[in-house]
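Here the structure is laid out as structure tokens; the discussion comes afterwards.
So you know, we letter chains A, B, ... as the sequences are listed, proteins then strands, and number each from 1. Just so you know, these numbers use all the heavy atoms, side chains as well, and skip hydrogens, waters and symmetry mates.
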Amino acid sequence: MNMNIGAPRGTVDLLPEDTRKWQYVEEKIKSICEAYHYEEIRTPMFEHTEIFQRSVGDTTDIVQKEMYTFNDRGGRSLTLRPEGTASVARAYVQNKLYGDPNQPHKLFYFMELFRYERPQQGRMRQLHQFGVEVLGARNPAIDVEVIDLAMTIYRTLGLRSLRLVINSLGDKESRKAYREALIKHFTPHIDSLCKDCQLRLEQNPLRVLDCKKDADHPAMKDAPSILDFLNDQSRKYFEEVLELLEEIGIDYDVDPNLVRGLDYYNHTAFEIMSEAEGFGAITTLAGGGRYDGLIEELGGPDTPGIGFGMGIERLLLALEAENIDLPIDQSLDCYLVTMGDVPQKVIFKLVHELRQNGIQIDRDYQGRKVKAQFKAANRLHAKYVLVLGEEELSKQVINVKHMETGNQKEVKLSELVQTLKEKL
RNA sequence: GCGGUCGUGGCGAAGUGGUUAACGCACCGGAUUGUGGCUCCGGCAGGCGUGGGUUCAAAUCCCACCGGUCGCCCCA
């Protein structure tokens, strides 16, 4: 490429060798969603910028430095969606789904998201997420159902080196008490904390806890734990979540420092990580949590919600890291080999008719010799090669060769469709 | 946004200042007038990410930019 017209940084083309895998994974996920009775929602790729500012939070990295924001010709500030939950919540409110007697709404989505970041493997500027959102239910069973769904997807695809990390951020009251305790605890140490944390302590003290730079700071060790600040209701809810996880045999680690980056989370927060060797520094495969209050923030009634986002790129990387080959069928039913002076019109019509009858077939377009046509058929994993030469044509037959066994026999052209249908 | 590292035919990979830039894989053709493998022979294909600079001479040295990759921040 010597012209400066490659794909923009942080974006990639998915070629057939990739899309085969993507399709397989997407279909697998959809079929699991059916079992759990989740239905698909699709929302616009961009939203009013305010949607993300209000829901994700003005102080978060996503909003502060990662959004693709632009003004349209009408002067509106729009943003390519950097995450899925805000859009789905907006759609729920706008379409008044809270008035639907069927509650909760259990939704899933496949979305492309956009975040302006320095790209690495597993971190793209245009990325793809599968996610679910359950709106209208505050029930530990739903929290665990959602986690179970994510784990089931990973396990069904073959992943084994998984780790579920879970925490509770409590309700508004618990969170507020904890926030104050954190400020009180860290303020005396503020000068020895890293620059980021000094700012965090002011804006979002919970995030001081998962700072890696200050992880060894002495004040970190005896910092108050959120779990000690949960009020009775929040604590009970969290305990029920953990019990249900145990009930269905999902192992977990409680990590009181898992706070998640986005403002809208409360109560249950979780991440699923890959522990596969060679997965690199990025280990988070999926993350999510409960966001009671978000719907109200966006102008709807007080409605609880929970969901997660799962990175498809990272899922594929995790599969690679665990050396899992997806069972993708790449075979071709038939390949037509022609030779000699067979008219192009005859070849074209034959292929057309077979396809009209639902038979998968491809042919040579490069003017290759017979031997090369066979090699091509082999490369394409053709099950049958149909050989049509002048001799066959004059007898109105065609030679059907089974590539695996090498057996071949002549079939009348008039009986070809029927014969192939029986064989395939 | 910060730091490290890398960038040679479709892919992999030599070359680290000096004649027409190795080699392997793949692809095409022939040996084998109509049949997949192997072997042998032949062929196609690159001026070295882009743009400047140093030099008699640069893929090789310097600078900038672009892109990949790894790590930081943060997350999917």
A:L113 CG to B:A76 C1': how many Å, rounded? 8 Å
Check whether any side-chain nitrogen or oxygen of A:R81 sits under 4.0 Å from OP1 or OP2 of B:A76, and answer yes or no. no
Mind calculating the distance between CG (A:D13) and P (B:G68) to the nearest angstrom? 12 Å
base_contact_polar (B:A76 base, A:R115 side chain, donor-acceptor, <3.5 Å): yes
Residue A:R9, side-chain heavy atoms: nucleotide from B:C73, B:G68, B:U32 that is nearest: B:G68
From A:K349 NZ over to A:H352 NE2, what is the distance, rounded to the nearest 0.5 angstrom? 8.5 Å
How far, in whole Å, is B:G46 from B:C65 if one measures between their P atoms? 31 Å
Can you tell me how far P in B:G47 sits from the matching atom in B:U33, rounded to whole Å? 38 Å
What is the distance from CD of A:Q120 to C1' of B:G1, rounded to the nearest Å? 13 Å
May I ask you to say what A:G131 touches in the nucleic acid, namely base, sugar-phosphate or nothing, with a heavy-atom cut-off under 4.0 Å? nothing
Judged by whether its glycosidic angle lies within 90° of 0, B:G47 is syn
Picking from B:U35, B:G1, B:C70, which would you name as closest to the side chain of A:V370? B:U35
Any side-chain heavy atom of A:F52 sitting closer than 4.5 Å to one from A:S87? yes
Identify, with sequence neighbours excluded, every residue that meets salt bridge (Lys or Arg N to Asp or Glu O under 4.0 Å) alongside A:D253. A:R163
A:I166 versus A:L258: any side-chain heavy-atom pair under 4.5 Å? no
Kindly compute the distance separating CG (A:L245) from CZ (A:F270), expressed to the nearest 0.5 Å. 9.5 Å
For A:F374 and A:G311, take the nucleotide of RNA chain B holding the closest heavy atom to each; which residue's nucleotide lies nearer the 5' end? A:F374
Which ranges of RNA chain B pair up as stems, where a stem means three or more consecutive Watson-Crick or G-U pairs with both distances under 3.5 Å? B:1-7 with B:66-72, B:10-12 with B:23-25, B:27-31 with B:39-43, B:49-53 with B:61-65
Quick test of your reading: applying side-chain hydrogen bond (donor to acceptor under 3.5 Å, both in side chains), list the pairs with at least one residue in residues 30-46 of chain A, sequence neighbours left out, ordered by first then second residue. A:Y36-A:D148, A:Y36-A:T152, A:Y38-A:E145, A:E40-A:R42, A:T43-A:R81
Taking the P atom in each of B:G52 and B:A59, what is the distance between them to the nearest angstrom? 14 Å
Assign the ring pair A:H128 / A:W22 to parallel, tilted or perpendicular, where the plane angle (0 to 90°) is split at 30° and 60°. perpendicular
Which is true for A:H402 with a 4.0 Å heavy-atom rule: it touches a base, it touches only sugar-phosphate, or it touches nothing? base
Hey, which sits more toward the 5' end of RNA chain B by its nearest nucleotide, A:M310 or A:K65? A:K65
Can you check the distance between B:G15 and B:C2, where both ends of the measurement are the P atom (answer in whole Å)? 33 Å
Considering every strand and a 4.0 Å limit on heavy-atom distances, what is the contact class for A:E391: base, sugar-phosphate, or nothing? base
Do A:Q408 and B:U35 have a side chain to base donor-acceptor pair shorter than 3.5 Å? yes
Minimum heavy-atom separation for A:N266 and A:G170, please, with both atom names. CB-O, 3.3 Å
Donor/acceptor link under 3.5 angstrom from A:K401 side chain onto base of B:U35: yes
Would A:R175 count as a cation-pi partner of A:F229, with NZ or CZ less than 6.0 Å from the six-membered ring centre and within 45° of the ring normal? no
Within the 4.0 Å heavy-atom criterion, would you say A:Q126 contacts the bases, only the backbone, or no part of the nucleic acid? nothing
Distance (rounded to the nearest 0.5 Å) between A:E353 CD and A:I361 CD1: 11.5 Å
With the criterion being N/O to N/O and under 3.5 Å, what pairs connect the protein with nucleotides 24-30 of chain B, and how long is each?
unit_1	atom_1	unit_2	atom_2	d
B:C27	OP1	A:R379	NH1	3.0
B:C28	OP1	A:R368	NH1	2.9
B:G29	OP1	A:K369	N	3.4

With sugar-phosphate meaning primed atoms plus P, OP1 and OP2, does A:E271 contact a base, only sugar-phosphate, or nothing at under 4.0 Å between heavy atoms? nothing
Could you give the distance from CZ (A:R90) to CG (A:N95), rounded to the nearest 0.5 Å? 7.0 Å
Taking any heavy-atom pair under 4.0 Å as a contact, classify A:Q121: base, sugar-phosphate, or nothing. sugar-phosphate
Categorize A:A377 for me: base, sugar-phosphate, or nothing, with a 4.0 angstrom heavy-atom threshold over every strand shown. nothing
In whole angstrom, give me the gap between the C1' atoms of B:C75 and B:G17. 46 Å
List every contact pair, protein side and nucleotides 4-10 of chain B side both N or O, where the distance is under 3.5 Å.
none

If you look at every strand shown and take non-hydrogen atoms under 4.0 Å, does A:L285 touch a base, only sugar-phosphate, or nothing? sugar-phosphate
Protein-nucleotide distance (A:E83, atom CD; B:A76, atom C1'), rounded to Å: 11 Å
Test A:S161 against A:E322 for side-chain contact (heavy atoms from CB on, under 4.5 Å), laying out the working first. CA-CA 8 Å; A:S161 302; A:E322 292 199 33; 3.4 Å; yes
Within the structure shown, what part of the strands sits under 4.0 Å from A:G340 by heavy-atom distance: base, sugar-phosphate, or nothing? nothing
Could you check how far CG of A:L15 sits from P of B:C11, rounded to whole Å? 12 Å
Sole residue of A:D143, A:N139, A:T268 in side-chain hydrogen bond (donor to acceptor under 3.5 Å, both in side chains) with A:Y237: A:D143
Tell me the interatomic distance from A:E410, atom CD, to B:U35, atom P, rounded to whole angstroms. 15 Å
Between atom CG in A:L317 and atom P in B:G68, what is the gap in whole Å? 15 Å
Should the pair A:R260-A:E271 be classified as a salt bridge under the 4.0 Å nitrogen-to-oxygen rule? yes
Quantified in whole Å, what is the C1' atom distance between nucleotide B:U50 and nucleotide B:G67? 10 Å
Quick one: does A:E404 reach the base of B:G36 with a side-chain donor-acceptor pair under 3.5 Å? no
Return the value, rounded to whole Å, for the distance between atom CE of A:M339 and atom C1' of B:G34. 4 Å
Distance, P atom - from B:A45 to B:A21, rounded to whole angstrom: 14 Å
Using the P atom in both, what is the distance from B:G24 to B:A64, to the nearest Å? 39 Å
Establish whether the base of B:G36 is bridged to the side chain of A:Q373 by a donor-acceptor pair shorter than 3.5 Å. no
Residues passing the salt bridge (Lys or Arg N to Asp or Glu O under 4.0 Å) test with A:E275, sequence neighbours excluded, are none
